[in-house]
Every structure is written in structure tokens, then in C-alpha cells.
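A short write-up of the structure that comes next.
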Amino acid sequence: MIEVRFHGRGGQGAVMASRIMANAFVRIGQYGASFPMFGFERRGAPVTAFGRFDANPVREKTQIYHPDIVVVLDPSQRFFEKVYSGLKSHAVLVLNAALPFETQPHENLETAGIVNADQISIEEVGRALPNTCMLGAFAATTGHLPLESLEAALEDYFQGSRLKANVRCLRRGYEEAAVGHF
Amino acid sequence: MTEKKKKLSKVFDYLQYDDPYAGGLTFCAGCPLESLARFVPQVLGDDIVITGTPSCSAPVLLGQNIGTWHRMPYYGTLMTGAAANATGLARMYKRKGIKNTVVCFNGDGTASDIGFGNLSGAAERNEPFIYICYDNEGYMNTGIQRSSTTPAGARTTTSPVGRMTHGKDVTSKNLPLLMAMHKVPYAATATMSYLEDLAKKLLKAKEKKEEGFCYLHVFCPCPTGWGVPTDGSLDLCRMAVKTNFFPLWEAENGEIRFTREVNKPKPIGEYTKLIKKFEHLDEQGVARLQKDVDFNHSILMRLSGSCEQGGRHD
Amino acid sequence: MAPHTYFQGEGPWSDADQLMLYLDTGSWRSLRPVVDAEACIYCGLCALFCPTQCMINKGEYFLPNLEFCKGCGVCAKECPRGAIIMKPEGECDASKE
Amino acid sequence: MQARSEQDARIMVITGNAAAAYGAMLCRPDVVATYPITPQTEVIEKLFEFAASGELDAEMVPVEGENSAMNVVTAASMAGGRVFTATSSWGLAFMYDAMLAASGTRAPVVMVNVNRETPGIIAVSSGQQDMISTRDSGWIQLVAEDCQEILDQVLMAYRLAEDHDIQVPVMVNYDGFYLSYLAGKVEVPSKKRVSDFLAVLNEQPKRQILLPGQPLGCGTHGILQGFVELRYKHVQAMERAKAAFDAIDQEFASQFGRGYGGQIEEYRTGDADIVLVASGSMCGTIKTVVDRKREQGLPVGLVRLRMYRPFPSEKLTQVLKDRKAVGVVDRSVGFGIQGGPIYSEVCSLSAKFGGASVLSFIDGLANTDVTSDHVEQMLDLLSAAARGEPCPQVTWVCMEE
């Protein structure tokens with residue numbers, strides 16, 4: 001089972017990203033479960049969501065304290081300590097940022113996929129909605145999901161021109177993610 | 001014999017259906033609510049489904065075990081949710097295409113106090129039923145406690161007269177006007193002394209119910225609780241209208257018109273002197289009530305447009 | 001244990017076809033309405049205003065059903081011709097009409 | 001997303017709230033009355049969405065408060081309708097009087113209650129105290145573990161509530177936040193399959209309903225023995241609900257391929273010396289710990305309570321017989337009693353199931369996670385108790401950092 005923790009801000013679509021990811025895993029015959037951290041989420045407030053993905057049914061219903069992967073949708077949180085709290089060794093980071101890291105932010109972090117999802121979504125959707133782009137970057141960085149299943153999953157959440165724009169975000173996230181190792 | 005005109009009152013023409021109630025019912029002697037309870041189904045007809053809550057009418061609407069005091073289908077429920085229950089019934093009949101007249105029949109305690117929220121909610125959603133509030137200005141079934149329709153100065157067991165308090169210390173809630181201001185298809189006031197007016201309004205409500213929520217506020221004195229003789233309630237009804245204490249009007253979609261104009265209203269003292277619950281009132285107390293009556297009436301005048309039409313303006 | 005059953009079904013349902021209740025409200029009465037049939041103009045206001053609806057239409061006049069009449073006096077008060085008087089029960093005979 | 005093999009069901013990734021809404025919609029209710037409250041709101045949004053799209057053909061009543069929601073559906077049920085509503089926490093408390101009317105009139109109402117901590121201390125967080133506080137409302141109360149079971153229990157709830165031999169309202173409970181917002185794989189059956197499952201309800205004798213022109217009334221005063229008779233009948237119906245739920249669960253399994261065990265689910269209890277009794281979403285986590293402990297050779301198991309009212313006393317007595325230690329996890333507290341509410345009820349059976357030590361664990365209040373570590377702690381304590389070591393009767397696991 002892989003455990004993924006999403007960090008974002010209200011309005012960036014972190015919760016939806018975790019749900020689309022669960023949807024995509026189910027599409028490849030696996031199981032997925034995602035849920036948000038609870039609180040009075042309001043636009044702008046930091047938001048955490050969780051995702052568990054496995055070939056077997058996911059039974060755990062707790063928050064994730066030791067993630068394998070963290071997905072950071074909010075560039076300003078890249079240096080937040082809590083983003084890296086409890087990381088398992090050989091952990092993976094998928095980050096929305098314009099600039100690469102100069103130093104390793106956490107010793108357990110082995111791989112990072114960085115993409116400028118804000119910029120891409122502004123170009124494709126018209127405003128900064130980094131979530132679908134980040135899913136593309138997730139697929140490119142981790143290799144856990146084929147791009148097609150994510151694309152198919154998007155159809156459950158978007159329609160029409162919004163769907164097309166988000167598919168473009170997803171693909172560009174996949175193609176433009178700069179994946180490197182620490 | 002020839003000088004004797006033998007002609008039945010035309011009110012009988014409105015009574016098209018049998019009285020569904022048993023002969024002897026557990027209302028106090030002389031209670032006009034008993035008249036109302038029996039009058040409503042005789043006018044509204046045999047597709048009536050009645051729902052009501054604990055109140056003076058409950059011991060009669062609700063049966064005892066398998067036994068019942070009347071032949072109407074009824075649902076007896078709680079004061080907190082009277083209008084919501086009527087909603088459930090009316091919606092279900094609407095869905096199934098069953099011809100019906102759901103009547104939610106409650107006292108002023110349910111309507112103006114504990115059940116006001118859901119009454120207002122049902123009105124706002126324009127639910128297809130008739131809500132009848134019989135207003136005896138207090139909790140009479142539990143033994144004469146004040147409600148929000150109890151008038152200023154009135155003595156009840158929870159607004160007593162003593163060294164420190166002199167009856168109810170605040171004015172009453174104008175419930176019928178509040179309901180009209182929900183802009184429902186039909187809202188009206190009525191009382192037991194003007195039966196033709198009441199019958200017409202019931203029939204109008206039955207017709208307008210097809211468009212949605214209808215509200216009827218019936219002034220219904222309580223001889224026992226107010227301290228009047230058992231034969232005195234109809235005099236009170238008439239005097240309440242003649243003093244403008246309880247004006248008769250109707251409103252369609254919020255547009256108000258009087259159904260009985262009072263050209264020279266009597267002073268409220270003519271009304272209060274008939275009733276023991278006001279016997280402690282001094283001049284000041286009567287003046288205060290008069291002020292409230294005038295205020296309520298002036299609102300109605302303005303809303304009904306009577307001012308522009310050259311109507312009375314005290 | 002076999003409980004006595006009042007109800008056929010599971011819930012608190014009453015059924016008028018099975019049992020209609022009524023109270024002996026005639027026994028509440030201390031004053032009896034006595035109608036002067038000659039003076040009656042058959043307007044029916046007594047019947048309309050009677051809370052118990054116990055004034056019986058006799059064709060040309062109305063008479064109270066003493067089985068249920070509570071003796072409130074509304075009929076006498078409302079009669080436009082004063083054709084009904086309220087008489088103490090003790091001064092009336094025991095008959096019901 | 002279309003299921004590849006089964007045309008009778010769609011595989012979807014949806015939240016527990018959406019699963020509840022799908023369950024309700026599939027049963028084709030006549031009247032739906034709702035009022036929003038966190039964490040239930042998504043249920044009713046979804047239902048209004050279904051109504052807007054035409055997928056749900058029902059009278060939708062967006063009432064002005066939960067009390068009215070319960071009154072609307074109860075009366076609509078009295079008029080012969082199939083009804084649905086949903087609530088949580090304060091909302092459940094606000095409709096309490098109407099809930100009593102629903103059960104007292106034996107209205108077959110089905111309601112979803114998304115468990116949330118209750119009034120007193122304001123907490124927008126999970127906890128079963130709301131369900132516990134309506135324990136004696138005369139309702140049947142079920143508890144689900146995951147999104148799929150939420151949907152499935154709503155279907156089973158109609159079978160139970162509208163069963164002519166039962167006629168008692170049913171509340172389907174699931175943990176707020178942990179399940180309400182958990183998106184997972186759910187198989188959503190077709191309307192056809194659901195109506196096949198519910199078809200048996202149409203073949204039974206008709207219950208009494210309110211109709212214009214019929215001299216029947218509901219809500220009559222129960223006078224003396226009449227009242228006693230109705231109470232007795234209600235209590236008897238609750239007793240019958242136990243076996244009925246087991247049978248419905250079995251039939252459900254044969255029709256949909258998913259069985260849950262009826263009143264209780266037994267998880268690796270066969271030879272277990274140590275058994276945890278729990279309910280709701282935490283059971284998923286407990287199962288993973290049980291598996292781990294089993295790998296280490298420790299004979300532990302879980303009994304999951306799927307039915308809280310009526311309380312499955314017989315089943316529990318049977319399954320807890322001759323264990324060495326039993327732990328009961330409550331996501332709620334008992335005010336003025338020793339230990340959690342479910343614990344105290346399990347204790348009342350202990351004379352029947354033998355001499356095992358029974359320990360109470362209070363955990364998961366107000367979204368404090370019932371973590372794997374917590375479950376390990378509980379099992380450690382139970383192991384000690386099984387060895388005969390002295391252990392605290394009540395442990396507030398969630399209070400320890």
C-alpha cells in the first residue's frame with residue numbers, strides 16, 4: 001500500500017486531486033481511498049488530504065502519519081516543516097514550484113518531481129488551479145499510475161471545455177515535471 | 001303566523017356536509033372552538049384530512065385507543081411540528097394525485113410560539129394545505145398561560161396581577177399579518193360571530209389551496225380562561241371586530257383588503273370591560289391597549305391602501 | 001402472556017367504524033333551553049351558534065337535543081326573538097325532550 | 001465509470017455521503033425532507049442534484065430545520081409514502097421529539113445519521129455520542145464500516161423498516177468525516193436490481209395509512225392498557241428485527257454478492273482468546289492490526305457491531321463465550337456509568353458469556369484518530385488481562401498522547 005499526503009490551500013483542489021487519484025487507481029483495478037483532514041476549511045486556509053492506494057481493499061481509516069509520497073500543491077508550503085513530518089525513507093515529493101530545491105528539504109526524501117502547476121493552469125484554465133496538473137506530475141514522478149487512467153478519471157469530475165482544459169493541464173504536468181533525485 | 005318570516009339563515013347554504021363529530025365532546029360549555037371544529041368540516045367537505053397538536057382541540061381530534069370522537073382521518077402529533085406534518089401529508093397526496101384538503105388545526109400557542117418556525121417554513125415553501133389557527137390568546141388546555149398572542153395587560157397564570165406585575169407586560173404578536181407577509185396565496189382573519197364571512201373564507205382557502213399555502217386566523221374567545229359567562233363568547237367576537245381589536249380582512253399574495261369595514265370603531269374599553277382578564281386594567285392600561293390596537297390597524301390601513309382610497313385614518 | 005388487545009395493527013390507530021366515542025354532556029347542564037315554538041322564526045341562528053350543534057331542525061322551529069346540550073345558553077342569548085329561555089334543570093321534568 | 005463485467009452495477013469512486021444518497025435514490029423514495037448540517041450536507045446536495053437531473057422522482061422538501069424534516073417524512077409515511085431524511089449531531093438532537101413520534105406511530109422512516117460529536121461542547125468532528133443519545137428512541141439503529149456498506153445498509157434499512165412484521169423506523173449511522181468525506185470504490189447497483197430486492201415489500205399485507213374519506217386516525221391516545229399494548233408490540237417488533245436483519249443480510253449477499261454477517265460481523269474470532277468489540281469506521285483499522293497480531297501468533301479477533309438497536313445480545317453472548325479477555329471500544333462516553341455505553345451493555349451479558357475480563361476503551365472522540373498504535377495498546381492491555389494481571393477497567397485511549 002502506498003500512502004500519499006496532499007498539502008494545499010482551500011481553493012486549490014487538493015481534496016479533489018486526492019479523489020481523482022483514488023478514482024484513477026480503481027480504474028486500473030486497484031483500490032483507493034481518500035479523505036480530507038478535518039477543520040473549518042475556507043478558501044485560502046491550509047488544507048491536508050490523504051490517499052491510500054493498494055492492490056487489496058484499503059481498510060485503514062486513520063489520518064496518514066508516515067506518508068510514502070507528499071504532494072504539495074501550494075508553492076509557499078515547500079519549506080513548511082509539517083509537510084515533511086513523518087516521511088518514510090525513500091520518500092517522494094511532488095511539488096508545485098517555479099524553482100528547484102537547492103538543498104534537500106528532508107533527509108528521507110529521495111525523489112522530487114517539480115512542475116510549475118500554477119503557471120500551467122493559468123495558461124490552460126485561466127487561473128491558478130494546480131490540482132490536475134499536479135496529478136500529471138504525480139504520474140510522471142512516481143510511475144504508479146498510467147496517464148490514461150487519470151485522463152479517464154477526469155471525466156467523472158469535469159465536463160465540456162473545463163474537461164478539455166484540465167486534460168491539457170494533466171498532460172503538461174506529466175510532460176513538464178522535472179524529476180530528480182537528492 | 002303570517003307575519004312570521006320563516007326563512008333559514010343563508011349560512012346553512014354553506015354547510016354542505018355532515019357534522020363528522022359525535023354528539024357529546026369534551027369542550028367546555030359555551031366554547032366557540034367547538035363551533036369552529038364542527039363548522040370547518042361541514043364547509044370544507046369530505047376530502048378533509050386533519051392534523052393537529054396538543055391543545056384544546058386535541059382531546060377531541062385524537063381518539064382514545066381504537067375509539068374516536070369523529071369520522072375524519074386525522075394525524076395527531078407534536079406542537080413543534082404541526083405545519084411540517086401537514087406538509088408531509090399534503091405532499092404525499094399531491095404526489096399520488098389523491099384529492100384532498102389537508103387542514104392543520106392548531107391553537108395560537110402552536111402557531112405563534114413553539115410551532116412558529118415550521119409554520120413560517122411551510123408558508124415560505126408554499127405547501128399546499130390550509131392552516132387554521134384558532135386564537136384563544138393563550139395556553140388554555142394547560143390552564144390559561146400567556147402566549148405571544150395574549151394581548152398587553154391581560155391576566156393569565158403566567159402573567160398574573162400582583163403588586164409587582166399587572167398582567168402581560170408586552171404587546172401581542174400580530175400573527176395573521178405576519179402570515180400574510182409571507183405573500184402566500186391566501187391569508188385571512190375570521191371570527192365565530194360572522195359565520196358567513198368565515199364560511200366564505202374557508203371556501204376561498206379551499207380554492208386557493210390549489211395554488212399553495214393558505215392561512216386562516218380565527219379569533220376564538222375562551223369563556224373559561226378569560227372569565228366570561230358561557231353564553232358570552234359571541235358578544236366578545238362582535239365587540240373585538242367593532243373596536244378594531246380584531247379586524248376582519250383577507251390577503252391574496254400579500255395584498256390585503258378588509259372584508260368588514262368598521263366605520264366608527266368603538267373604544268377598546270367597551271371590549272375589555274366585558275372580560276375578567278382585563279378587570280384590573282386602569283385607564284393607563286386601557287390606553288396602552290388602545291394604542292396597540294390603533295397601531296395594528298394603521299398598518300393594515302396602509303397595507304390595504306385604504307388611506308389612499310380616502311379611508312379612515314385616526 | 002397474552003395481552004388484551006385494543007388495536008388490530010401495530011400502531012396507535014383509531015377507527016370510527018369500530019368505535020365512535022361520545023360524552024354524556026347532557027349531564028353537564030344546570031340550565032335547560034326551552035324553546036317557544038310559536039315565537040321561533042326558524043332563522044336557525046341558535047343551531048348555527050350552538051357549540052355542540054345540538055339544535056334539531058323540526059321543520060318550522062328548532063329544539064335542543066338534551067342528550068348532549070351542555071346548557072351554555074348561547075342559543076338563548078343569540079335568538080333574535082328571545083324565543084329561548086334558560087330554565088333551571090330542577091324546575092324541568094326529567095324527559096329528554 | 002462502467003463496470004466491465006456487470007451491467008447491473010456501476011463502479012464509482014464516491015464519498016460515504018454520496019453512497020448514502022445513491023442508496024436512498026435507488027430505493028425511489030416518495031418524499032425527501034432535509035436540512036443541511038456538517039458533515040451530512042453532501043448527502044442532501046446529492047439528492048437535490050439527482051432530483052434536478054430527473055434521476056430521482058420525489059417530492060423534495062427543503063425544510064427550515066431538522067425537527068420539520070422528521071415531521072414531514074413521518075407524516076408522509078403515514079400517508080403511505082416511502083421516505084428519506086438525513087442528519088447529524090445537533091440536528092439529530094433537534095428532531096428528537098419527532099423521532100419519538102415516528103417510532104411511536106410505527107412510521108417506517110429511513111434516515112441516515114452521520115455520526116458527529118454532540119451538543120455540550122461544540123465540536124465539528126466525529127464521534128458516536130449522537131447515536132448513543134437516541135438509544136431509547138425506539139428506532140432500529142445500524143452502523144456501517146465503509147462507503148460500500150453505507151449504500152448497502154440504506155437498501156437493507158428499507159427492507160427492515162417497511163417489513164410488515166417490523167414497521168419500525170431505521171437509522172443508518174456512519175462516522176462523520178472518516179466516512180462522510182472518504183472517497184472510495186463503491187459498486188452502485190442498478191435501479192432494477194434494487195427494486196427486485198425491495199419487491200417483496202409490495203407483496204405483504206398493506207399497513208394502515210391515512211387517506212381522505214377513511215375514518216382512520218393515527219396518533220390516538222393510548223389509554224392505560226392500550227398504551228401498554230402498543231409499547232409491548234413495539235418492543236416485540238424490535239426483537240423480531242434481529243433475526244429479520246440477519247435474514248435480509250443473507251438475502252442481500254445472495255443477490256448482490258456482498259454479505260456482512262447480519263447483526264454482527266465476526267473477524268478472525270474463531271480461536272481468538274482476545275476479542276475486541278467495536279463499531280463503525282475504526283473497525284477497518286482494527287482489522288489490519290488483528291491481521292498483524294495474527295502473523296505474530298497472537299490469537300485475537302474483532303466483533304463488529306452492525307446493529308446497535310436492537311442490541312444483539314444473543315449473538316454477542318454466543319461469540320464472546322469463553323474468551324480470555326474482551327475489550328469494548330466506544331467512540332462515545334457514558335455519563336455517570338463506568339466505561340463506555342456499549343461497554344456497559346456488553347458487561348450486562350458477561351454473566352452469560354463466561355468469566356472473561358471485560359475492559360472499556362474510550363477512543364476516537366472528536367476526531368482523535370483510532371490509530372493502529374491505539375489498537376495495539378488496547379490489545380496489549382487485553383493480553384495482560386488475559387494473563388490475569390490487574391488492568392484498569394476503563395482506559396481513555398484518546399487522552400494519551
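Chain letters run A, B, ... following the sequence lines, proteins first and then strands; every chain starts at 1.
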Region of Val73(D) that comes under 4.5 Å of a non-hydrogen atom in chain B: neither
Gln236(D) atom CD: more than 12 heavy-atom contacts under 6.0 Å: yes
From Leu61(B) atom CG to His221(D) atom NE2, the distance as rounded to the nearest 0.5 Å: 10.5 Å
Which atoms of Leu100(D) approach chain B - backbone, side chain, both or neither, heavy atom under 4.5 Å: neither
Lys99(B) versus chain D, the contacting section by heavy-atom distance below 4.5 Å: backbone
Donor-acceptor contact present, side-chain Arg91(B) to main-chain Asp30(D), <3.5 Å: no
Atom group of Thr77(B) that falls short of 4.5 Å from chain D, counting heavy atoms: side chain
Separation of Arg71(B) CZ from Gln214(D) CD (nearest 0.5 Å): 11.0 Å
Whether over 12 other heavy atoms sit under 6.0 Å from Phe227(D) CZ: no
Arg95(B) bridged to Asp57(D) by N-O distance under 4.0 Å: yes
Value rounded to 0.5 Å, distance of CG in Leu210(D) from CD1 in Ile50(B): 12.0 Å
Nearest-0.5 Å distance, CZ of residue Phe94(D) to OG1 of residue Thr80(B): 8.0 Å
Stepwise side chain to side chain contact (heavy atoms under 4.5 Å, CB included) test for Asp97(D) and Leu78(B): CA-CA 8 Å; Asp97(D) 66 339; Leu78(B) 302 161; 3.8 Å; yes
Side-chain heavy atoms of Pro212(D) within contact of Val49(B), under 4.5 Å: yes
Greater than 12 external heavy atoms within 6.0 Å of Lys183(B)'s NZ: no
Arg231(D) atom CZ, neighbour heavy-atom count above 12 within 6.0 Å: no
Leading residue by heavy atom contact count with chain D [cutoff under 4.5 Å; candidates Gly76(B), Pro20(B), Ala58(B)]: Gly76(B)
Glu59(D), part contacting chain B, at a heavy-atom distance under 4.5 Å: both
Donor-acceptor under 3.5 Å (Asn65(B) side chain, Ile223(D) main chain): yes
Winner by heavy-atom pair count (cut-off under 4.5 Å) against chain B, out of Gly217(D), Pro215(D), Gly226(D): Gly217(D)
Which atoms of Glu127(B) approach chain D - backbone, side chain, both or neither, heavy atom under 4.5 Å: side chain
Side chain to side chain contact (heavy atoms under 4.5 Å, CB included) assessment of Leu211(D) paired with Ile98(B): CA-CA 8 Å; Leu211(D) 283 176; Ile98(B) 297 168; 3.6 Å; yes
Chain B contacts, top residue of Gly65(D), Gly213(D), Ser68(D) (heavy-atom pairs, under 4.5 Å): Ser68(D)
Side chain to side chain contact (heavy atoms under 4.5 Å, CB included) evaluation trace for Thr87(B) with Val61(D): CA-CA 9 Å; Thr87(B) 299; Val61(D) 194; 3.9 Å; yes
From CA spacing to verdict: side chain to side chain contact (heavy atoms under 4.5 Å, CB included), Arg125(B), Glu64(D): CA-CA 9 Å; Arg125(B) 293 189 309 271; Glu64(D) 75 299 325; 2.9 Å; yes
Asn67(D) versus chain B, the contacting section by heavy-atom distance below 4.5 Å: side chain
Interchain contact, Leu89(B) with chain D, by part (heavy-atom threshold 4.5 Å): both
Minimum side-chain heavy-atom gap Tyr74(B)-Thr220(D) below 4.5 Å: yes
Enclosure of Asp18(B) CG (heavy-atom neighbours >12, cutoff 6.0 Å): no
Residue Thr105(D) versus chain B: region with a heavy atom under 4.5 Å: side chain
